[in-house]
Asker: 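Can you read through this structure? Questions will come right after.
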Amino acid sequence: MTEKKEIIHIPNAELEIMMAIWEAGKPVSRLEIDSKISEKNWQAPTVLKFLSRLTEKGFLKCEKIEGSKMNLYTPLISEEEYLEFESKSVLGKFCGRSVKSLVANLYENNTINDSELDELQKFIDEAKKNR
């Protein structure tokens, strides 16, 4: 039986770092992360601080590359796990854990349109078939 990891909400800047690491699909160095987030124009100490925080929070494992001063960062929490956590958090905070309330609010506020609702319905129909 695998141990359930405790996941917490992370700030947007740290999430940007995690998204770059998840996208890589392999352990990455800070330099590789820098290249994926170059549009942010964050300096090396800033990125290193985010990586340190993410490691302390249990999102990353940091390993020194043998014979080098560089580290490799490996995600300990998958993108899917974090998405599930955030989805439940949003539902709980804003919609009383009701998916219907969430979708109704999105529709009433013109956040989603009829074609997106059709796409959602198609997903629901497929999900019911595959249960």
Side-chain angles (χ1 to χ4, degrees):
M1 186 167 104
T2 60
E3 184 180 318
K4 186 75 173 166
K5 299 173 191 140
E6 183 174 337
I7 300 175
I8 60 170
H9 174 77
I10 55 175
N12 287 343
E14 291 174 14
L15 182 56
E16 294 273 348
I17 300 290
M18 286 304 300
M19 289 171 62
I21 295 169
W22 288 324
E23 184 182 305
K26 64 178 181 67
V28 292
S29 69
R30 182 194 50 85
L31 294 175
E32 291 172 289
I33 294 166
D34 285 347
S35 70
K36 291 187 175 293
I37 59 166
S38 60
E39 74 282 353
K40 297 291 180 191
N41 292 319
W42 289 335
Q43 299 298 312
T46 302
V47 175
L48 288 169
K49 183 65 175 173
F50 292 146
L51 290 167
S52 175
R53 287 180 187 165
L54 287 164
T55 301
E56 289 169 11
K57 292 175 183 178
F59 278 76
L60 295 175
K61 176 173 72 171
C62 175
E63 297 177 290
K64 185 159 282 305
I65 298 172
E66 196 172 319
S68 168
K69 292 183 178 183
M70 294 179 71
N71 294 322
L72 283 181
Y73 297 91
T74 305
L76 297 175
I77 294 174
S78 72
E79 186 173 12
E80 293 77 19
E81 289 171 313
Y82 191 71
L83 179 60
E84 179 183 348
F85 164 78
E86 283 293 1
S87 297
K88 288 178 181 176
S89 178
V90 167
L91 272 179
K93 287 178 188 172
F94 298 108
C95 303
R97 299 215 180 274
S98 167
V99 174
K100 179 184 176 233
S101 295
L102 173 64
V103 174
N105 184 280
L106 292 171
Y107 186 75
E108 289 165 5
N109 291 302
N110 296 316
T111 306
I112 60 174
N113 59 35
D114 288 342
S115 68
E116 291 168 318
L117 282 176
D118 290 341
E119 188 177 328
L120 181 58
Q121 184 63 55
K122 184 177 177 182
F123 171 79
I124 292 168
D125 294 342
E126 285 294 316
K128 283 182 176 180
K129 282 183 198 175
N130 295 325
R131 266 208 169 165

Asker: Determine which pairs satisfy salt bridge (charged side-chain N to carboxylate O under 4.0 Å, His left out) with at least one residue from residues 102-113, sequence neighbours left out, and list them in order.
Answerer: none
Asker: I'd like a table of donor-acceptor pairs (distance under 3.5 Å, sequence neighbours excluded) in which one partner is a side-chain atom from residues 124-131, with atom names and distances.
Answerer:
{"residue": "Asp125", "atom": "OD1", "partner": "Gln121", "partner atom": "NE2", "Å": "2.9"}
{"residue": "Asn130", "atom": "ND2", "partner": "Glu126", "partner atom": "O", "Å": "3.1"}

Asker: Listed by chain and number, what are the side chain to side chain donor-acceptor pair (under 3.5 Å) partners of Asp114, not counting sequence neighbours?
Answerer: Tyr107
Asker: Taking only residues two or more places apart in sequence or in another chain, which ones pass side chain to side chain donor-acceptor pair (under 3.5 Å) with Asn109?
Answerer: Asn105
Asker: Looking at every heavy atom in both Leu60 and Pro75, which two are closest together, and how far apart are they?
Answerer: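 The pair with the smallest heavy-atom distance is CD2-CA, 3.9 Å.
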Asker: For Glu16, what residues pass the salt bridge (Lys or Arg N to Asp or Glu O under 4.0 Å) criterion, not counting sequence neighbours?
Answerer: Lys40
Asker: I need the minimum non-hydrogen distance between Val47 and Arg30, along with the two atoms involved.
Answerer: CG1-CG, 3.7 Å
Asker: Going by the ring-ring contact (aromatic ring centres under 6.0 Å, His included) test, which pairs reach into residues 109-131, not counting sequence neighbours?
Answerer: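 For residues 109-131: none.
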Asker: Might you point out which heavy atoms bring Ile33 and Tyr73 nearest each other, and give the distance in Å?
Answerer: CD1-CD1, 4.4 Å
Asker: Using the test salt bridge (Lys or Arg N to Asp or Glu O under 4.0 Å), find all partners of Glu23 that sit at least two apart in sequence or belong to another chain.
Answerer: Lys36
Asker: Of all residues at least two apart in sequence or in a different chain, which pass the ring pair (Phe, Tyr, Trp, His ring centres under 6.0 Å) check with Phe59?
Answerer: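 Listed in chain order: Tyr82.
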Asker: Return each pair, listed once, that meets ring-ring contact (aromatic ring centres under 6.0 Å, His included) where at least one residue sits in residues 23-52; pairs must be two or more places apart or across chains.
Answerer: Trp42-Phe50
Asker: Restricting to non-hydrogen atoms, name the atom on Ile37 and the atom on Ala20 that form the minimum distance, rounded to 0.1 Å.
Answerer: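 Distance-wise, the nearest heavy atoms are CG2-CB, 4.0 Å.
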Asker: Please name all residues satisfying salt bridge (Lys or Arg N to Asp or Glu O under 4.0 Å) with Lys49, sequence neighbours left out, ordered by chain then number.
Answerer: none
Asker: What do you reckon, is CD of Glu116 surrounded by more than 12 foreign heavy atoms closer than 6.0 Å?
Answerer: yes
Asker: If only atom types and distance count, is the side chain of Trp22 paired as donor or acceptor with the main-chain N or O of Ile77 below 3.5 Å?
Answerer: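 Flag set: sc Trp22 to bb Ile77 pair under 3.5 Å.
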Asker: Would you check if the side chain of Ser87 reaches a backbone N or O of Leu83 as a donor-acceptor pair within less than 3.5 Å?
Answerer: yes
Asker: What are the two closest non-hydrogen atoms of Asn71 and Lys64, and how far apart are they?
Answerer: OD1-CA, 3.4 Å
Asker: Which residues pass the side chain to side chain donor-acceptor pair (under 3.5 Å) test with Glu32, not counting sequence neighbours?
Answerer: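 Scan of Glu32 (side chain to side chain donor-acceptor pair (under 3.5 Å), adjacent residues dropped) gives Lys26, Ser29.
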Asker: Would you please name every residue forming a side chain to side chain contact (heavy atoms under 4.5 Å, CB included) with Pro45, sequence neighbours left out?
Answerer: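 Gln43.
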